[in-house]
There are 2 protein chains.
Amino acid sequence: MSIDAYMKEVGQHARSASRKLASVSTEEKNQALFAMADALETSRPLLKVENAKDVESGKEKGLDAALLDRLELTDARIDSMIEGLKQVASLPDPVGEITDMVYRPSGIHLGKMRVPLGVVGIIYESRPNVTIDAASLCLKSGNAAILRGGSEAYYSNQAIAHAVKQGLKAVGLPEYAVQVLNTTDRDAVGKLITMPEFVDVIVPRGGKGLIERISSSAKVPVIKHLDGNCHVYVDDQADLEKAYAIALNAKTRRYGVCNAMESLLLHKDIADGFLPKLAAAYAEKGVELVGCAETQKILTYIDSATEEDWYTEYLAPKLSIKVVSGIDEAIDHINQYGSHHTDAIVSQDYSKTRLFMTAVDSSSVMINASTAFADGFEYGLGAEIGISTDKIHARGPVGLVGLTSQKYVVMGDGHIRDN
Amino acid sequence: MSIDAYMKEVGQHARSASRKLASVSTEEKNQALFAMADALETSRPLLKVENAKDVESGKEKGLDAALLDRLELTDARIDSMIEGLKQVASLPDPVGEITDMVYRPSGIHLGKMRVPLGVVGIIYESRPNVTIDAASLCLKSGNAAILRGGSEAYYSNQAIAHAVKQGLKAVGLPEYAVQVLNTTDRDAVGKLITMPEFVDVIVPRGGKGLIERISSSAKVPVIKHLDGNCHVYVDDQADLEKAYAIALNAKTRRYGVCNAMESLLLHKDIADGFLPKLAAAYAEKGVELVGCAETQKILTYIDSATEEDWYTEYLAPKLSIKVVSGIDEAIDHINQYGSHHTDAIVSQDYSKTRLFMTAVDSSSVMINASTAFADGFEYGLGAEIGISTDKIHARGPVGLVGLTSQKYVVMGDGHIRDN
């Protein structure tokens with residue numbers, strides 16, 4: 001079968017399954033999640049055999065150690081997938097809720113009902129556990145899923161897919177509710193992102209390169225997460241103890257995460273007194289600093305930050321520092337150089353915090369709190385399928401609700417429109 | 001200046017204006033709307049002179065009478081634009097609202113703040129009054145607007161744009177908050193829809209051809225309204241008086257609107273008794289009927305409906321009729337052939353109405369009410385920029401709220417993340 005014919009079949013199966021899923025009860029969906037957990041447990045030996053093929057072939061291809069590590073399905077990781085399924089079962093079901101019910105002058109009742117998006121396509125890289133994450137979140141939100149994992153994890157993903165299918169069948173849900181593509185052909189991705197008749201939204205999970213490639217060719221809406229170039233602005237009216245704790249936490253809690261601070265902005269009146277102590281703490285953690293000319297006057301030993309640095313998400317123990325004249329310059333800098341992900345102000349001045357909250361155009365704006373809080377679990381979403389840097393549809397951490405839409409429901413009793 | 005350079009400049013101006021608009025007070029936005037109304041009133045003679053150029057050139061180009069009529073700016077139409085501006089000023093401002101504020105176990109307060117999308121691009125066809133509609137809705141929702149009207153209305157739109165700019169300047173808002181492109185070059189549209197760095201969303205307003213062209217080339221999210229192939233399903237447990245009124249209203253209230261019924265589905269047990277009376281009423285209104293084989297047994301004089309008919313939005317006094325075995329077939333038919341716009345059930349049976357509401361995948365689902373209610377004004381949105389047939393972001397009638405997004409706001413007091 002050609003890739004086009006195969007993808008069309010996958011799309012038709014998904015669309016048809018999604019119609020059934022829209023009316024499935026929460027209880028049935030949860031039972032399916034538990035049945036998948038059981039099937040994973042039963043398939044544990046098979047999962048390891050299949051995973052070993054991927055790891056072996058990864059070694060032959062010369063994948064680096066970090067990639068090989070991410071690829072491996074250890075017992076602990078299988079446990080964690082099983083736990084993840086149970087945890088998604090415990091989350092509230094967003095589907096079916098009717099809100100904003102009003103009584104209109106015409107005599108109709110009008111409300112909004114939360115409904116699944118329909119068919120969600122997820123494209124991801126080498127971690128095979130994403131297959132379970134994505135399958136469970138899509139199922140719980142009533143969506144059919146088409147999953148395309150990285151070719152390095154092909155055998156692992158097929159084995160996981162088999163367990164997922166067993167779980168679905170065990171409780172009588174459509175087996176095509178979750179489909180993992182059984183091809184590593186790149187054309188399959190090209191087709192997946194250009195068939196809006198079968199796919200309602202694409203969620204790419206992976207590096208910036210993958211996401212940019214997909215966004216630029218997609219004909220289906222993409223919920224995308226590009227970079228997290230996050231800032232902390234320390235105001236002249238900051239409580240400097242809080243500022244110290246936040247600046248340290250935001251940069252050094254973890255380096256490779258999208259909510260880590262990449263640029264620190266300091267009010268000119270506090271930079272002198274504040275920066276040396278903070279720089280010493282960064283030095284202890286091995287964080288490399290670069291800065292503007294004013295910063296270099298205080299920390300004479302650091303390199304100059306280039307224009308490119310202000311745009312850069314290091315995802316590493318490196319930080320750019322800029323001394324600013326005040327909150328207006330800080331806001332302008334963040335809106336111009338930031339990635340609209342997460343940005344924080346530290347200040348005791350009420351009016352400045354309020355201005356920052358309104359004027360900073362980011363998916364999360366923090367007042368006197370670390371950027372590290374920008375996370376689906378910290379926000380109480382229970383799980384997240386990603387953090388959206390888009391403004392359309394879902395912004396910030398995307399959980400189950402981000403995989404739903406709302407339709408209008410109108411209740412009349414024979415009502416017709418006169419004018 | 002090249003089109004590329006011009007569009008880049010327009011984009012930069014819009015982005016910069018949008019940053020300012022995000023923090024502008026409701027009062028300032030309303031004053032700008034009133035100042036635009038005053039400027040339109042003052043420009044009335046100029047508007048007519050400029051409009052006459054368009055009408056003249058339209059005649060030379062041989063535009064048909066309907067198009068020429070839509071193009072003309074009569075005094076009544078200028079009155080109506082002025083009235084529209086005042087009406088948008090009277091609508092509640094969606095921006096700034098903070099909802100869902102919760103206190104998290106970590107000690108942070110977390111809420112969602114409603115914010116403008118940023119820069120909205122609107123592409124529309126010949127009616128010049130859309131310039132005022134679009135400008136006022138974008139401004140009130142805090143968005144900068146880039147407007148591109150039809151080339152037939154070039155002079156009219158430039159004159160309206162001048163009045164809009166006067167209004168913005170009069171109250172000290174950025175004059176680039178609303179920009180009407182001063183070129184009719186098609187490449188300008190191509191550029192507008194492919195510069196996500198400057199434009200956050202595109203709203204095409206016009207025929208299906210325009211919308212499909214834009215959607216297929218856009219690199220910016222599109223809020224699109226394709227067709228309204230709306231259905232009414234009359235159940236065997238319908239109150240047939242209500243069904244008669246609704247079926248008549250949904251089809252004959254107006255023919256050229258997207259919420260008009262295009263296909264009528266009848267339960268097999270009531271078709272015999274119900275259809276002849278209804279068909280007589282349609283005949284009186286001059287509505288042409290086509291139907292399935294079962295329908296043709298009852299109305300022996302009508303033509304057979306083709307497969308194509310079930311997909312067709314006639315926008316005309318024409319209706320396709322299908323006899324179905326029950327609600328399941330009705331739902332399947334609607335989900336397969338419909339356009340997911342607006343569909344209605346007429347039934348007194350509680351369980352069937354509940355099933356229909358859940359299972360029909362349309363932006364508006366009506367129970368015992370005419371499809372004609374699917375409308376921004378009827379829904380209390382005050383005004384609408386269009387009706388979205390997408391599922392992502394905005395679904396159904398799109399008003400001011402549809403032109404906004406939400407960002408997370410986090411309030412701590414020195415909070416850092418431990419784990």
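So you know, we letter chains A, B, ... as the sequences are listed, proteins then strands, and number each from 1.
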*Value rounded to 0.5 Å, distance of NZ in Lys407(B) from OG1 in Thr358(A)*: 6.0 Å
*asked:* Counting heavy-atom pairs closer than 4.5 Å to chain B, which one of Ser405(A), Gly396(A), Gly107(A) comes out on top?
replied: Ser405(A)
*Where on Ser363(B) is there a heavy atom nearer than 4.5 Å to chain A: the side chain, the backbone, both, or neither?*
backbone
*Between Met411(A) and Asn368(B), is any pair of side-chain heavy atoms under 4.5 Å apart?*
no
*asked:* Need one label for Pro196(B): side chain, backbone, both or neither, based on atoms under 4.5 Å from any heavy atom in chain A.
replied: neither
_Please rank Val222(A), Ile108(A), Val346(A), Asp332(A) by heavy-atom pairs under 4.5 Å with chain B and give me the top one._
Ile108(A)
*Which of the residues Gly380(A), Pro116(A), Ala245(A) is involved in the greatest number of heavy-atom pairs with chain B at under 4.5 angstrom?*
Gly380(A)
*So what's closer than 4.5 Å to chain B heavy atoms on Asn259(A): side chain, backbone, both or neither?*
side chain
*asked:* Any heavy-atom pair between the side chains of Tyr379(A) and Val102(B) that's under 4.5 Å?
replied: no
*asked:* Please rank Ile367(A), Asp200(A), Asn249(A), Val201(A) by heavy-atom pairs under 4.5 Å with chain B and give me the top one.
replied: Asn249(A)
_Residues Arg417(B), Glu378(A): salt bridge by 4.0 Å N-O rule_ = yes
_Contact winner vs chain B - Pro105(A), Ala22(A), Gly412(A), heavy-atom pairs under 4.5 Å_ = Gly412(A)
*What part of Ile98(A) is in contact with chain B, defined as an atom under 4.5 angstrom from a non-hydrogen atom: side chain, backbone, both or neither?*
side chain
_Quick check on Met366(A) against chain B: is it the side chain, the backbone, both or neither that has a heavy atom closer than 4.5 Å?_
both
*Top residue by heavy-atom pair count (under 4.5 Å) with chain B, among Asp418(A), Ile416(A), Asn335(A), Val409(A)?*
Ile416(A)
*asked:* Under 4.5 Å from any heavy atom of chain B, what part of Asp390(A) do you find: side chain, backbone, both or neither?
replied: neither
*Toward chain A, the part of His109(B) with a non-hydrogen atom under 4.5 Å*: neither
*Pick one of side chain, backbone, both or neither for Asp239(B), based on which atoms fall under 4.5 Å of a heavy atom in chain A.*
neither
*Thr342(B) versus chain A, heavy atoms under 4.5 Å apart: side chain, backbone, both or neither?*
neither
_CE-OG distance between Met357(B) and Ser23(A), expressed to the nearest 0.5 angstrom_ = 10.5 Å
*Under 4.5 Å from a heavy atom of chain B, the part of Ser362(A) involved*: backbone
_Close side-chain approach of Asp413(B) to Gln348(A), heavy-atom, < 4.5 Å_ = yes
*Pick one of side chain, backbone, both or neither for Leu110(A), based on which atoms fall under 4.5 Å of a heavy atom in chain B.*
side chain
*Does the side chain of Leu117(A) come within less than 4.5 Å of Ile392(B)'s, by heavy atoms?*
yes
*Non-hydrogen atoms of chain A under 4.5 Å away: do they reach the side chain of Arg104(B), the backbone, both or neither?*
side chain
*Does the side-chain contact (heavy atoms from CB on, under 4.5 Å) test come out yes or no for Ile331(B) and Arg19(A), once each step is laid out?*
CA-CA 10 Å; Ile331(B) 291 171; Arg19(A) 300 247 181 269; over 6 Å; no
*Side chain, backbone, both or neither: which part of Val115(B) has a heavy atom under 4.5 Å from chain A?*
side chain
*Shortest non-hydrogen contact between Gly414(B) and Ile246(A), atoms and distance*: CA-CD1, 3.8 Å
*Using modelled atom types only, decide if a donor and an acceptor are shared between the side chain of Lys219(A) and the backbone of Ser215(B) within a distance under 3.5 Å.*
no
